[in-house]
Number of protein chains: 2
Amino acid sequence: MEELCIRLAQIYPLPEPALSKFLSIWKSTSYEKGAHLLKTGQISNYMYFVGKGAVRIYYQKEEKEITEWLALDNNFFFSIQSFFQRVPSRLAIHALENSEVFMMHHDDLMQLCEQSHETEKLFRKMITTSLILSQIRMESIQFENAHQRYQRLLSSSPDILRRVPLSYIASFLGITQETLSRVRNAR
Amino acid sequence: MEELCIRLAQIYPLPEPALSKFLSIWKSTSYEKGAHLLKTGQISNYMYFVGKGAVRIYYQKEEKEITEWLALDNNFFFSIQSFFQRVPSRLAIHALENSEVFMMHHDDLMQLCEQSHETEKLFRKMITTSLILSQIRMESIQFENAHQRYQRLLSSSPDILRRVPLSYIASFLGITQETLSRVRNAR
DNA sequence: TACAATATTTGACAATTGTCAAATAATAAA
DNA sequence: TTTATTATTTGACAATTGTCAAATATTGTA
């Protein structure tokens with residue numbers, strides 16, 4: 001919870017009493033390694049924050065599993081389209097390690113946003129952050145080759161290799177496992 | 001202006017008096033073909049809406065010009081990172097045709113957002129729309145080949161080929177002009 | 001420890017796309 | 001209309017990455 005507060009304050013320092021109310025709608029849960037936070041076809045009701053731990057967002061694409069996102073310690077994540085558009089999620093989410101996860105229900109958030117302009121503002125800034133990250137990732141995928149993408153990931157998240165199977169990382173980077181294996185050794 | 005109102009209402013129907021105030025901060029300008037709306041290195045102060053016309057957002061990458069976005073008739077566009085983070089823009093924007101452009105200054109928008117919760121909500125929804133589009137485009141770039149990306153563009157914006165030079169479209173799709181030329185003929 | 005299951009690496013080859021140069025087509029200017 | 005300029009297409013070849021199969025390494029479990 002500590003870390004969640006810190007991350008929120010970095011995005012926008014919500015004044016009281018809105019802050020207390022906002023924090024109160026986050027629920028804490030523990031997920032065992034392998035457990036699902038969200039399954040394909042469910043409407044994703046939550047925005048999540050992983051404290052200590054790691055989760056993977058993925059989906060099925062022609063008999064392959066595509067890793068859409070990896071979130072390690074102290075990061076937000078959610079199934080964007082399902083959460084916002086209230087449609088069944090194409091994405092599934094599971095824990096890669098035993099993880100401490102905080103989650104906030106869509107309806108609770110919307111209710112607070114109605115009541116509190118300041119909370120709406122915080123939420124707007126959270127989405128803005130996601131949008132900027134999305135742009136950066138898009139550019140990386142479009143213009144960097146396998147080696148450059150791997151290096152970028154390494155420098156932004158150095159311990160990811162020790163904690164996440166190579167096949168997931170490769171898919172997240174948009175390359176095959178074999179290519180990633182070659183790229184990270186030799187050359 | 002008509003079309004701008006329609007598009008805004010689709011995103012969120014802002015009630016009066018907020019709507020009138022919001023509309024009043026949009027300024028209308030005409031740009032001649034080739035004219036710049038924004039040059040590299042400037043801080044991008046505006047969110048834009050092109051009425052009738054076409055614009056191109058691009059940047060320089062190792063002696064090549066990369067087309068980051070193309071906006072035709074009745075669409076929003078802006079230099080996301082510069083607009084939100086108030087840093088000099090890596091992107092430039094110019095008109096591909098004589099264009100009718102509406103623009104809204106960052107500071108005016110922020111002032112209205114402070115005053116009006118409803119306006120903040122509209123803005124939040126506009127960003128959410130951008131985020132979802134960004135996700136869809138990212139997936140297209142990551143998992144579709146040149147031919148599929150071209151087809152997707154054609155179906156979402158059929159007249160783009162008649163109005164935008166092939167080299168810009170190719171760059172926008174993340175492929176070379178030669179590959180696009182081959183993909184759209186034969187095969 | 002030894003075995004089984006899973007994960008990663010390696011090799012051979014194919015598919016896709018990029019690069020560079022030249023030819024052709026389309027457009028704008030004289 | 002003719003010419004000059006710009007845009008698009010085509011060919012030959014190279015680079016990158018993907019695919020499939022097999023080998024090796026790692027991890028978890030009896």
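Chain identifiers are assigned alphabetically (A, B, ...) following the order of the sequence lines, protein sequences preceding nucleic acid strands; residue numbering begins at 1 within each chain.
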Can you check whether B:G53's main-chain N or O pairs, donor with acceptor, with B:S99's side chain at less than 3.5 Å? no
D:dT26 P sits how many Å from A:L161 CG, rounded? 15 Å
Separation of atom CZ in B:R163 from atom P in D:dA7, rounded to whole Å: 18 Å
In this structure, how many angstroms lie between the P atom of D:dT17 and the OH atom of A:Y150, rounded? 15 Å
Between C:dA7 (C1') and A:R162 (CZ): distance, integer Å: 18 Å
For the residue pair B:L173 and B:T67, establish whether any side-chain heavy-atom pair is separated by less than 4.5 Å. no
Within this structure, what is the CG-to-P distance between A:L173 and D:dT17, rounded to whole angstrom? 12 Å
Is the distance from OP1 or OP2 of D:dA15 to the nearest side-chain N or O of A:N145 less than 4.0 Å? no
Check the pair B:H94 / B:Y58 against ring pair (Phe, Tyr, Trp, His ring centres under 6.0 Å), numbers first and verdict last. CA-CA 8 Å; B:H94 74 164; B:Y58 66 97; 5.1 Å; yes
Please report whether the ring centroid of B:F78 lies less than 6.0 Å from that of B:F84. yes
Quick check against the 3.5 Å criterion: does A:H105 have a side-chain atom that pairs as donor or acceptor with the backbone of A:W26? no
Euclidean distance, atom CD of residue A:Q177 to atom P of D:dA25 [Å, nearest integer]: 16 Å
In 5'-to-3' order, the base (B), backbone-only (S) or no-contact (-) status of each nucleotide in nucleotides 18-30 of chain C, using a 4.0 angstrom heavy-atom cut-off, is SBB----------
Output yes when at least one side-chain N/O atom of A:R184 is less than 4.0 Å from OP1 or OP2 of C:dT8, else no. no
Exceeds 12 heavy-atom contacts within 6.0 angstrom, atom CD of B:E32: no
Taking only side-chain nitrogens and oxygens of B:N185, does any of them come within less than 4.0 Å of OP1 or OP2 of D:dT8? no
Quick one: B:Q148 CD to C:dT16 P, roughly how many Å, whole number? 11 Å
